[in-house]
Structure formats: C-alpha cells, structure tokens
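Start at 1 with the first residue, then count along the sequence. Counting starts at 1 for both ligands and their atoms, in listed order.
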Amino acid sequence: MKKLRVAVIGCGSIAKNRHLVEYENNPVVEITAVCDIVEERANKTAEKYNASAYINYLQLLEVEKIDAVSICTPNYLHAPMSIAALNAGCHVLCEKPMATTAEEAEAMIEAARLNNKKLMIAHNQRFVPSHAKARALVEAGEIGKIFSFRTTFGHGGPEDWSADGADSWFFNKEQAFIGAMGDLGVHKADLLRFLLGEEFMEVAGFIETSAKENADVDDNAVCILKTNSGVIGTLASSWAYNSQEDNSTILFGEKATIRLEDDPQHALIVQYTNGEIVKYELGQIQSNAEGGQTNSFVIDHFIESIILDKEPLINGEEGKKSLEVILAVLDSHETKQIKKVQKAVLEA
Ligand SMILES: NC(=O)c1ccc[n+]([C@@H]2O[C@H](COP(=O)([O-])OP(=O)(O)OC[C@H]3O[C@@H](n4cnc5c(N)ncnc54)[C@H](O)[C@@H]3O)[C@@H](O)[C@H]2O)c1
C-alpha cells in the first residue's frame, strides 16, 4: 500500500513530543515535509525525520504533494492554515483550541466540506483509557442519572513546555486569544460533552490573570456549566497549580460516583452507593512533564479515518461545539452575566 504523505506545520513541543513521534510509529505514514518560521527548528526537525524543511507553509503546500497535515502552531494560525491546507487538497488534523472565533471554526468546517477532506481536532482527552471507559460506563447506565461533575486541568504553566519558554506566544493575547481556558479548559469542555453525552446550555465564568506577570491572557479560570437536561458542575483551568498537575474529573450519579485521574494508582475509581468500590488500573494520563500522550491514539484515529473514509470522532463540528463553551465563558466573564452557549450548539 502506498504510504500517506504527511506534513507537520509548526515544529514546537506538541509536534516534537506527539505528532511527529506518533506519525513515525504509524506504518502507513511517511513524514514528507515540516515547516516552522524558526528556520533552525524546521531544519533540525527535517533532518531527524528525513523530510523537507520549509519556513513558509504556503510554499510547502504548493510544492509538496501532501495527503495529510498536522497544524501545530499558535492558536491564531489554526484557521488560516487549516483552510489553506484543506483547499490544497489535504486532510487536516488541527490542534486545539480549533480556532479563535465560531466564525473561523465554521469556515474551517465549510472548507473541509467543499474539498471533501477530513478535519479532525486534537482533543486527545477523549482517547485517554480511563475517559473512554467512563463513557462506556455512563452509556451502560452504570452510574444512573448524572447530577453533577467537577473537572480540573491545571499545571504550573506553558513556560516549561513551549519551544519559546517564558517568551512563548501562549502568554500573548494576539496569538493565543485565550490563556489557560483555551490551553486546558477547552480540553475539559470537550471531555465533559463526551462523557455526559449532551450539550451545555448555560455558563458563568470567573477569569483572572493573577499568576503570570508576562501574560495578557487568563491564567486562572473557574466556571459553572449547565447542560440541556440540568446537570450542573464546575470546570477549572489554571497555570498556577505550581507544585503538581491536576487533571481530574469526577462525575456524581444516582448509583455511583466516578473518579477519573484522581488517584495516583487507579485511573478510574467507581464508588457505588451500596459501599462497593471498584478500582481500575488503566494506565495513567500522561502529563506535559513526561512529554505528553505518546500513545498514538490521536494520530492513529486520524489516519484510520482517512484510510477507511470514516468521519473522525472529533470532527470540525465537535471542535466547534467545545470551543463555543469556552467562548461563552469568556463572554460571561466580560459581561458579568450568565450566558447561553451558541444557539447552533443547542439545536444540534
Ligand atoms: N492536544 C494537546 O494536549 C496540546 C498540548 C500542547 C499544545 N497544544 C496545542 O498545540 C499548538 C502548538 O503548541 P505547542 O505547545 O507546540 O507550542 P510551541 O510554542 O512549543 O510551538 C509552536 C511552534 O509554532 C511555530 N510557528 C509560529 N508561527 C509559525 C508560522 N507562521 N509558520 C510555521 N510555524 C510557526 C513556532 O516557531 C513554534 O516552533 C497550540 O495550539 C496548543 O494549544 C495541544
């Protein structure tokens, strides 16, 4: 079988730690070209993977015959780069948050539709084994009606992660558009939508820039979310959990409580109301400190969706719905009001 020719645009940390490693591990992929505006970074990456190096992504798309592209650049570039790649006839795996506005996200979805190409958003939390198992338990009715939840994603901030360290785009509003909420909170908005199997209707949020002197985006955010059926809970995201990362989620149901990534040994614990406790060892969620999720679930799913011509689990519409939760939280913070999540989400 002819290998898929893949390009990675942006050769920073997520490309280095996950996309490139996972593509390299996939037998049907050939890493053909890479691109970064920092020439040295592009060259070094190209050398490692025996690929061609570019500093201009439009040139890469024009010169190389590429089948699929990963967009691993700062948030403000996700929409223009994804649309250019889709229009050039490539399938696109775009990092999160999908875009900076709902309009941009819609334009990406439209470009995928018009070009008949796959568009997947890299919301990898859905593939974490404990999360996938929890979804199966919820679907099977194991915890009964869900009443509430609590989810958190926080660590000490992206300065130890980003290729540009403390000078990173992550702290710059023009390039990131949003801080910890967009970096970490959007992952949990997506995870909750997946676990609960329903959409959020209303949100209220408090957002602060209190921990990072170099940031003009949020570094601490706490919000309250309410679903269509009346499940309420909290989502916290932070770049100020300085001593230890917290990536936990708890679902409180009629028959049981599910604790995810809340215990160092057991990725999933189910506490039933009759006193029974079931502990699952499923392999812990990987943290940035360890170089991230190199379990290949995201890349393998993307490649499989191309080969089998299947819609990816997290397509453009899914990415947009998760983004819209975060956008509504921003709006709530700015207007000091409870906000409805986009009408389009509610009608889906
Ligand atoms: N799915 C996840 O768990 C996860 C984790 C971390 C980051 N991310 C996302 O991945 C994306 C990239 O983040 P990162 O952590 O790799 O950041 P990073 O700062 O480490 O790397 C970004 C790279 O993009 C390059 N770049 C900037 N402008 C460019 C341009 N015009 N053309 C080509 N390259 C350009 C930079 O030079 C840098 O090398 C972000 O959207 C981020 O939110 C996702």
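Within a 6.0 Å sphere centred on CD1 of Ile232, heavy atoms belonging to other residues, nucleotides or ligands number 12 at most. Counted within 6.0 Å of CD1 on Ile338, heavy atoms from surrounding residues, nucleotides or ligands total 12 or fewer; the atom is thus considered open. The local environment of CD in Glu276 is crowded, with over 12 non-hydrogen atoms from other residues, nucleotides or ligands closer than 6.0 Å. For CD of Glu198, the number of neighbouring non-hydrogen atoms (other residues, nucleotides, ligands) closer than 6.0 Å is greater than 12.
A donor-acceptor pair is defined here as one N or O able to donate and one able to accept, closer than 3.5 Å; such a pair exists between the side chain of Asp218 and the backbone of Ala180. Under a 3.5 Å cut-off, the side chain of Thr234 and the backbone N or O of Cys223 do not form any donor-acceptor pair.
Looking at ligand 1, you won't find any N or O of Asp183 less than 3.5 Å from one of its N or O atoms. Checking only distances, Ala15 never comes within under 3.5 Å of ligand 1, N or O to N or O. Distances between N or O atoms of Ala163 and those of ligand 1 include at least one value under 3.5 Å. Of the polar atoms of Arg18, at least one N or O is found under 3.5 Å from an N or O of ligand 1, judged by distance alone. Of the N or O atoms in Asp164, none lie within a sub-3.5 Å distance of an N or O in ligand 1.
The shell of residues lying under 4.0 angstrom from ligand 1, judged by heavy atoms, includes His187. In this structure, His78 has a heavy atom closer than 4.0 Å to ligand 1. At a 4.0 Å cut-off, at least one heavy atom of Met81 sits close enough to ligand 1 to count as contact. A heavy-atom separation below 4.0 Å is not found between Tyr57 and ligand 1.
The ligand atoms of ligand 1 that sit less than 4.0 angstrom from a heavy atom of Val38 are 37 (O). Applying the 4.0 Å criterion to heavy atoms of Ala122 picks out, from ligand 1, the atoms 1 (N).
When the side chain to side chain contact (heavy atoms under 4.5 Å, CB included) test is applied to Glu254, the partners found at least two apart in sequence or on another chain are Lys145, Phe147. Residues passing the side chain to side chain donor-acceptor pair (under 3.5 Å) test with Thr209, sequence neighbours excluded: none.
Residue-level proximity to ligand 1 for Ser162 is carried by backbone and side chain together, each with a heavy atom below 4.0 angstrom.
Nearest-residue assignment for atom 40 (C) of ligand 1 (options Ile37, Leu77, Thr73; heavy-atom criterion): Thr73. Among Glu95, Arg41, Lys96, the residue whose heavy atom sits closest to atom 43 (O) of ligand 1 is Lys96. Evaluated by nearest non-hydrogen atom to atom 16 (O) of ligand 1, the leading choice among Asp167, Ile71, Ile55, Ile14 is Ile14. For atom 6 (C) of ligand 1, the choice among Trp161, Tyr76, Phe153 with the nearest heavy atom turns out to be Trp161. Residue Asp36 holds the heavy atom nearest to atom 25 (C) of ligand 1 of all those in Asn124, Leu58, Asp36. Compare Gly12, Ala42, Pro74 by their heavy atoms: the one nearest to atom 24 (O) of ligand 1 is in Pro74.
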Can you check ring pair (Phe, Tyr, Trp, His ring centres under 6.0 Å) on Trp239 and Phe153, steps first, answer last? CA-CA 9 Å; Trp239 286 340; Phe153 198 173; over 10 Å; no

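In the hydrophobic clustering of ILVMFWY residues, with side-chain heavy atoms under 4.5 Å counting as a link, Val21 and Phe127 come out together.
Annotation: the span from Lys44 atom NZ to Glu47 atom CD amounts to 9.5 Å, rounded to 0.5 Å.
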